[in-house]
K.L.:
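Supplied in structure tokens, the structure appears directly below.
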There are 2 protein chains.
Amino acid sequence: MAQAEPRPRRKRGYEKLLRTARRLFYQRGFHAVGISEIIAEAGVARMTLYNNAASKDILIEAVIEGVSIDVMAWLERGGASIAEPTLPPAQRLLALFDLFEAWFGEPEFQGCIFAKAAAEFPAHDHPVHRAAARHKRRLFEFLQDITTEAGARQPAMLAEHMLLLLEGATALAQQTGALIAARRARRAAEQLLAAGL
Amino acid sequence: MAQAEPRPRRKRGYEKLLRTARRLFYQRGFHAVGISEIIAEAGVARMTLYNNAASKDILIEAVIEGVSIDVMAWLERGGASIAEPTLPPAQRLLALFDLFEAWFGEPEFQGCIFAKAAAEFPAHDHPVHRAAARHKRRLFEFLQDITTEAGARQPAMLAEHMLLLLEGATALAQQTGALIAARRARRAAEQLLAAGL
DNA sequence: TATTAAATATACCGATTGGTCTATATTTTA
DNA sequence: TAAAATATAGACCAATCGGTATATTTAATA
């Protein structure tokens with residue numbers, strides 16, 4: 001019964017390409033990073049890209065979708081006790097802000113990759129823009145599940161308030177470099193929770 | 001002999017170039033729009049750019065700074081009754097959210113140009129990034145003046161809460177296309193004002 | 001009016017862009 | 001082991017990139 005293999009190593013080159021592209025796009029921007037640089041840094045042949053993605057835009061879309069999947073999986077798996085069932089829901093929401101503060105402090109922090117994607121591909125019907133919007137919707141639903149569970153009077157509104165604060169804090173932290181934004185957002189969240197639960 | 005400094009000549013071509021660049025950069029992104037397209041659309045010679053700005057980056061910096069000046073002047077002049085001295089300060093803060101809602105509804109709305117600039121020029125010491133951060137600081141001080149005048153217990157914190165909500169609403173509106181974000185942000189602002197005044 | 005700054009048109013540059021093609025080699029799987 | 005994916009190197013492409021050079025013309029001011 002030799003079945004416990006981790007995963008068939010299919011498309012190793014493309015996966016490495018995706019990881020490298022994710023890093024470079026996030027650190028320097030989608031238009032600022034060229035194909036040649038990505039494949040050189042990934043140590044991969046040019047055709048490894050075009051055999052798997054029809055264009056740079058589609059590669060970017062795949063990167064964005066990959067990040068979204070990873071983020072949501074991490075949140076739902078219980079990253080930083082957010083989904084910890086023993087904690088009261090309000091505490092789990094506030095834990096999110098602590099988590100964001102830690103994120104802002106990381107040296108690689110460069111803001112929200114979805115906000116950046118939507119900014120660089122402003123057309124609402126562009127696949128990359130749509131992928132970014134999709135993620136924000138997933139995030140909202142994730143928050144709404146918690147506010148509902150917390151017994152909020154208006155779960156959707158409270159979830160949107162949390163999302164507004166998280167989004168604002170991330171944007172300000174990236175623009176001004178002031179990671180205190182997370183702490184300030186947490187204070188605001190505490191007050192909104194007190195009013196809305 | 002202290003002479004009156006020579007009146008700067010009008011540089012009509014360059015000013016038209018700046019206006020066109022502002023529009024194109026905002027609508028489609030800084031890296032996505034090339035020099036040739038800008039000068040073609042402005043109907044201006046290539047050298048009109050390079051006689052006034054040493055590089056594309058410096059042109060972008062000038063554009064950003066110009067937008068910041070216009071925005072701040074408009075706010076301080078009393079755009080949409082925000083600086084209307086007859087209104088109570090709390091109402092003036094809330095008027096800002098109504099104003100943002102109207103902005104989100106404009107067909108040309110594409111988010112915050114400063115957030116986009118900071119996203120496309122992520123290096124904190126890049127002149128364009130610094131210019132964007134500068135504007136956010138000005139905005140914060142503008143808000144802080146009002147919260148102070150309103151007699152807030154912690155004017156700085158309240159101002160940052162307002163900024164977080166405005167920033168978050170703008171980011172979400174651009175990414176998801178949902179202009180309801182402004183209305184939701186206003187509701188949150190009402191609650192935070194009630195708690196903080 | 002003479003001077004001079006500002007704007008013009010156009011040709012040019014090397015580098016880079018995203019993308020294609022081909023022919024060979026390496027893995028994976030049936 | 002053979003067949004079928006997958007990855008390889010690298011030449012090649014037209015188009016565009018940001019930026020420079022030069023010589024000419026337009027327009028504002030002293």
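Chain naming here is simple, since letters A, B, ... match the order of the sequence lines and numbering starts at 1 in each.
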K.L.:
For a quick check under 3.5 Å, do A/Arg134 and A/Ser68 share a side-chain donor-acceptor pair by atom type?
P.N.:
no
K.L.:
What is the distance from OH of A/Tyr14 to P of D/dA5, rounded to the nearest Å?
P.N.:
19 Å
K.L.:
Find the distance A/Leu49:CG to C/dG18:P and express it as a whole number of Å.
P.N.:
10 Å
K.L.:
Taking B/Phe109's backbone N and O only, do any of them form a donor-acceptor pair with B/Tyr26's side chain (distance below 3.5 Å, no angle check)?
P.N.:
no
K.L.:
State the CZ-CZ distance between B/Arg19 and B/Arg22, to the nearest 0.5 angstrom.
P.N.:
9.5 Å
K.L.:
Does atom CZ of A/Arg23 have more than 12 heavy-atom neighbours from other groups under 6.0 Å away?
P.N.:
yes
K.L.:
Output the rounded distance in Å from CG (A/Asn52) to P (C/dT20).
P.N.:
14 Å
K.L.:
Any side-chain N or O of A/Asn51 below 4.0 angstrom from OP1/OP2 of D/dA5?
P.N.:
no
K.L.:
Whole Å only: how far is the OH atom of B/Tyr50 from the C1' atom of C/dT8?
P.N.:
17 Å
K.L.:
Which residues in residues 17-39 of chain A have at least one heavy atom lying under 4.0 Å from any atom of DNA chain D?
P.N.:
none
K.L.:
Report the distance from atom CE of B/Met47 to atom C1' of C/dC12, rounded to the nearest whole Å.
P.N.:
13 Å
K.L.:
Of all the heavy-atom pairs spanning A/Lys116 and B/Ala119, show the shortest one and how long it is.
P.N.:
NZ-O, 3.5 Å
K.L.:
Answer yes or no: side-chain N or O of B/Arg46 and base N or O of D/dG19 forming a donor-acceptor pair under 3.5 Å.
P.N.:
yes
K.L.:
Can you list every pair that meets side chain to side chain donor-acceptor pair (under 3.5 Å) and has a residue in residues 152-163 of chain A, with sequence neighbours left out?
P.N.:
A/Glu160-B/Arg184
K.L.:
What is the distance, to the nearest angstrom, from the CG atom on A/Asp57 to the C1' atom on C/dG18?
P.N.:
10 Å
